[in-house]
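Throughout, a chain's letter reflects where its sequence line sits, starting with A, and its residues are numbered from 1.
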Amino acid sequence: MPELPEVETVRRGLAPALVGKRIAKAKTKRGDLRFPFPDRFAARLKGRTVETLDRRAKYLLAHLDNGQVWITHLGMTGRWSIIGAKQQPGDFYYAEPPDPTHTHVVVELEDGGRIEFNDPRRFGYMDLIAEAELETHPYFKGLGPEPLSNAFHEGHLKKAFAGKKTSVKAALLDQRVVAGLGNIYVVEALHRVGIAPTKEAGRISAKRLETLFHAIRAVLEEAIEAGGSTLSDYAGADGAQGQMQHRFRVYDREGEKCPTPNCPGTIARVTQSGRSTFYCPRCQR
DNA sequence: ACAACCTCCTGGGGGC
DNA sequence: TGCCCCCAGGAGGTTG
């Protein structure tokens, strides 16, 4: 799924269609995604105005004018699309609708805009939460810092990894350590700094953790700039595919030559807790 | 506390 | 062409 850069790309694409707009009508096409929709979900959206569209970790947060926050998690294959024909430059209604078989939520805005949520695998979910309960809600309680915010800083990983016997890859996938990383960007960040994904988190020097900190920032920023990564399902709210997949150094590149200058290694694939890890055994230690 | 494994679900790709 | 198996960006849950 959508990791942080993909969710951020969706947020940026969706915002012009949604922020400041009043919801004329919302419709769910089934009772559940990963979880059941909250009670009277569609009725509670109707008539509300979206004040801001934020992101926390991999969640989209639409703050409504009644103190409620409309949450979307995209799961593995969730997409928000702004539907309609582009009439003139600056219009933001231009996505081609994805396969309607898996369109589960349709929201019509009072200005005539329409957005659709599509999710073949239905690992995504939505919820409505009171703003005052956001921080204590199970979705958000315990989430680590936003990696692109000041709350994530050079000393953070040292503190978070201290004494951890788990692999550095598992540690970085743990949303309590730092929020928003997923399989792809963890693997990419580790290659950039030459740390083996299997390395015990608590045994990495402070100096190397500093370089890792910078690599995490860099890879996420680059990915956002590239509009995220499209492997199969992911697309921005305007329907555009991401471009970051062309810049992967190791992800899904098993058997290819290691891109590190002068490294004679070959990218390997191993399984760590059921997920694919790609890395260069030669230059990642 | 932690690792390994399983689960939700659908679709695409490779092998035969 | 078809079938079967494996794999996939998340993440919560259960075991041991």
Between the side chain of A:D32 and the main-chain N/O of A:R34, is any donor-acceptor distance below 3.5 Å? no
Less than 4.0 angstrom from a charged side-chain N to a carboxylate O is my criterion; do A:R56 and A:E146 meet it? yes
When you check the gap from the basic side-chain N to the acidic O, do A:R114 and A:E116 get nearer than 4.0 Å? yes
If you compare every side-chain N and O of A:K58 against the phosphate oxygens of C:dA11 (OP1, OP2), does one of them come in below 4.0 Å? yes
Which nucleotide in the list B:dA4, C:dG10, C:dC7 gets nearest to the side chain of A:R269? C:dC7
Respond yes when some side-chain nitrogen or oxygen of A:Q175 is under 4.0 Å from OP1 or OP2 of C:dG10, and no when none is. no
Go ahead and name the base partner of B:dA3; Watson-Crick or wobble counts if both distances stay under 3.5 Å, otherwise write none. C:dT15
Tell me whether the OP1 or OP2 atom of B:dC9 has a side-chain N or O from A:H102 closer than 4.0 Å. no
What I want to check is whether an N or O donor and acceptor connect the side chain of A:R121 with the base of B:dC9 at under 3.5 Å. yes
Can a side chain N or O of A:H73 be found less than 4.0 Å away from OP1 or OP2 on C:dA11? yes
Relative to each other, are the rings of A:H156 and A:F152 parallel, tilted or perpendicular (30° and 60° limits)? perpendicular
Just to confirm, is there a sub-4.0 Å distance from OP1 or OP2 of B:dC2 to any side-chain nitrogen or oxygen of A:K165? no
